[in-house]
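Below, chains carry the letters A, B, ... as their sequence lines are ordered, and counting in each starts from 1.
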2 protein chains.
Amino acid sequence: MILASRATGSEGRPHHQFRLSEGCIALSQTLADGRRQIVDIVGPGALVGIVLGDKNRMTAETLSYCHIERQHGDDVDKTYSAICEAMKRIEAHTVLLGRKTAPERVASAILDLSERFSRPQRAHFESPVFNLYLGRGDLADWLGLSLETVSRCFTRFKRAGLIDFDEPEIVTLLNTPALQAIADGAASA
Amino acid sequence: MILASRATGSEGRPHHQFRLSEGCIALSQTLADGRRQIVDIVGPGALVGIVLGDKNRMTAETLSYCHIERQHGDDVDKTYSAICEAMKRIEAHTVLLGRKTAPERVASAILDLSERFSRPQRAHFESPVFNLYLGRGDLADWLGLSLETVSRCFTRFKRAGLIDFDEPEIVTLLNTPALQAIADGAASA
DNA sequence: CGCGCGATTGATTCGAGTCAAGCAGTGTGG
DNA sequence: CCACACTGCTTGACTCGAATCAATCGCGCG
């Protein structure tokens with residue numbers, strides 16, 4: 001499914017925003033020769049359409065069943081805090097893309113997505129399990145890597161006992177602190 | 001000069017924003033081991049403090065003499081369009097960091113900065129000259145490259161007759177379309 | 001002068017990309 | 001039911017672009 005990117009009026013600020021209440025959406029841009037970069041992954045609670053901005057050539061595609069509700073633009077405080085969230089995500093991602101190594105990127109992504117898409121845990125002592133809505137190729141386009149490199153990092157983390165997965169999209173976190181250390185650039189592998 | 005990053009109220013939306021009327025400011029984040037990433041370069045007319053968001057650990061440093069004026073937060077339309085501009089900049093930069101090669105990044109940066117910091121041209125047939133407010137190291141931290149790679153790209157463009165410079169911070173554009181082609185990933189070198 | 005800082009240039013290394021199989025799961029049609 | 005194609009993931013061998021390491025240069029300054 002492709003969403004049209006018309007959430008705003010012709011020039012001024014938008015009269016309403018769209019809030020994603022359920023699901024996962026990827027916003028991406030593509031260069032002339034086909035190189036693709038996913039600019040943001042939108043999860044439940046976030047606004048679709050801010051990142052789209054006003055006149056940006058941006059493609060949005062849903063990565064799951066999605067439910068979007070209209071939020072009236074009058075709720076300025078709510079909108080403002082959602083914009084701040086989006087900014088924070090993109091800033092953090094900028095650092096990731098500019099300065100982190102491949103394993104650091106993948107660890108960061110796993111932790112980020114696990115927080116935003118974690119399934120309700122049955123018991124508090126269970127390891128958190130979550131659904132990666134992105135395939136390896138989408139992850140690559142989000143993290144500025146190649147599909148193969150992403151895959152290699154996953155198997156490396158799996159072999160190191162940091163994560164586990166049987167189906168490649170359903171991931172269990174086995175050692176969150178170690179992953180965090182890698183994501184922060186404090187650990188070697 | 002280091003600016004404190006307190007432009008907002010404790011939790012809600014800010015009561016006022018700060019608009020940069022003159023000069024150039026770099027907003028950056030740094031990883032534990034010292035790797036630095038400049039997240040945005042703020043030029044005249046743009047708001048300082050949006051990108052800072054609410055609770056972001058972000059360093060702002062001026063790269064020139066700067067003049068900042070307070071803009072009251074009530075001017076929502078103006079603020080909104082400034083936010084859109086900032087979003088556009090960061091989105092474009094995300095694509096740059098994730099998917100562009102070193103020469104493409106440098107060409108993009110030169111064109112971006114030339115637009116935002118071009119000196120008034122004496123005559124319309126003159127080649128545009130502008131002041132790079134960033135040194136090679138800052139450019140590297142902005143473009144996700146090493147200082148040396150940035151330098152090499154500059155000399156490469158100079159030898160190819162695309163740009164010229166005597167002092168390394170004052171650049172003349174000699175072939176804007178070719179630079180644009182490189183920036184867009186449509187040309188090889 | 002001698003020092004320090006920023007930029008340039010060169011030689012070498014290395015991380016991630018590319019190219020190329022191979023494998024499992026899923027669906028389709030004979 | 002099986003052969004076949006197709007899609008997404010994994011794995012391995014090799015290449016290459018950019019990082020790193022290391023001089024060197026030029027300039028401003030105490």
**OP:** Using atom CD1 of B:Ile170 as one end and atom P of C:dG6 as the other, report the distance to the nearest whole Å.
**Re:** 17 Å

Original post:
Among all residues two or more places apart in sequence or in another chain, which pass the ring pair (Phe, Tyr, Trp, His ring centres under 6.0 Å) test with A:Phe130?
Top reply: none

**OP:** Nearest whole angstrom, please: distance from the C1' of C:dT8 to the CD of B:Glu167.
**Re:** 16 Å

Original post:
Please give, in whole Å, the distance from D:dT7 C1' to A:Glu169 CD?
Top reply: 13 Å

Subject >> Relative orientation of the end axes in the helix from C:dC1-D:dG30 to C:dG30-D:dC1, expressed as an angle to the nearest 10° (five pairs per end) >> reply: 20°

Subject >> Whole angstrom value for the distance that separates C1' of C:dG15 from CZ of B:Arg35 >> reply: 13 Å

Original post:
Atom CG of B:Asp141 and atom P of C:dA7: how far apart are they, to the nearest Å?
Top reply: 12 Å

Can you give me every donor-acceptor pair (side chain of residues 136-148 of chain B, partner residue at least two apart or in another chain, under 3.5 Å) with its distance?
unit_1   : atom_1 : unit_2   : atom_2 : d
B:Arg136 : NH1    : B:Pro168 : O      : 3.0
B:Arg136 : NH2    : B:Pro168 : O      : 3.1
B:Asp138 : OD1    : B:Arg36  : NH2    : 2.5
B:Asp141 : OD1    : A:Arg99  : NH2    : 2.8
B:Asp141 : OD2    : B:Arg36  : NE     : 2.8
B:Asp141 : OD2    : B:Arg36  : NH2    : 3.3
B:Trp142 : NE1    : B:His93  : NE2    : 3.4
B:Ser146 : OG     : B:Thr149 : N      : 3.3
B:Ser146 : OG     : B:Thr149 : OG1    : 3.0

Original post:
Just how far, in rounded Å, is P of C:dA7 from CZ of B:Phe154?
Top reply: 10 Å

Original post:
What residues form a side-chain contact (heavy atoms from CB on, under 4.5 Å) with B:Glu167, not counting sequence neighbours?
Top reply: B:Ile170

Original post:
Judged by atom type as modelled, is there a donor-acceptor pair below 3.5 Å linking the side chain of A:Thr59 to the main-chain atoms of A:Gln29?
Top reply: no

Original post:
Of all residues at least two apart in sequence or in a different chain, which pass the side-chain contact (heavy atoms from CB on, under 4.5 Å) check with B:Pro128?
Top reply: B:Gln121, B:Leu173

**OP:** Write out all pairs satisfying side chain to side chain donor-acceptor pair (under 3.5 Å) with one or both partners inside residues 170-180 of chain B, taking only residues at least two apart or from two chains.
**Re:** B:Gln180-B:Asp184

Original post:
Has B:Ser151 got a side-chain N or O lying under 4.0 Å from the OP1 or OP2 atom of C:dG6?
Top reply: no

Subject >> Sorted by number, the residues of residues 131-140 of chain B with heavy-atom contact under 4.0 Å to DNA chain D >> reply: none

Original post:
How would you list, by chain and number, every residue that makes a side-chain contact (heavy atoms from CB on, under 4.5 Å) with B:Asp33, sequence neighbours excluded?
Top reply: B:Leu31, B:Arg35

Original post:
What pairs with A:Glu85 under salt bridge (charged side-chain N to carboxylate O under 4.0 Å, His left out), at least two apart in sequence or on another chain?
Top reply: A:Lys88

Please write out the pairs of protein N or O atoms and N or O atoms of nucleotides 17-20 of chain D separated by less than 3.5 Å, giving the distance to one decimal.
unit_1 : atom_1 : unit_2   : atom_2 : d
D:dA18 : OP1    : B:Ala102 : N      : 2.8
D:dA19 : OP1    : B:Ser146 : N      : 3.1
D:dA19 : OP2    : B:Ser146 : N      : 3.2
D:dA19 : OP2    : B:Ser146 : OG     : 3.0
D:dA19 : OP2    : B:Thr149 : OG1    : 2.3
D:dT20 : O4     : B:Arg152 : NH2    : 2.9

**OP:** Show your working on side chain to side chain contact (heavy atoms under 4.5 Å, CB included) between A:Ile182 and A:Leu162 and close with a plain yes or no.
**Re:** CA-CA 11 Å; A:Ile182 294 173; A:Leu162 303 178; 3.7 Å; yes

Subject >> Whichever hydrophobic residues join A:Tyr65 through chains of side-chain contacts under 4.5 Å >> reply: none

Subject >> Pairs flagged by side chain to side chain donor-acceptor pair (under 3.5 Å) wherever residues 106-115 of chain A is involved - sequence neighbours left out >> reply: A:Lys100-A:Ser108, A:Asp112-A:Arg116

Subject >> Interatomic distance where CG belongs to A:Leu96 and C1' belongs to C:dA16 [whole Å] >> reply: 15 Å

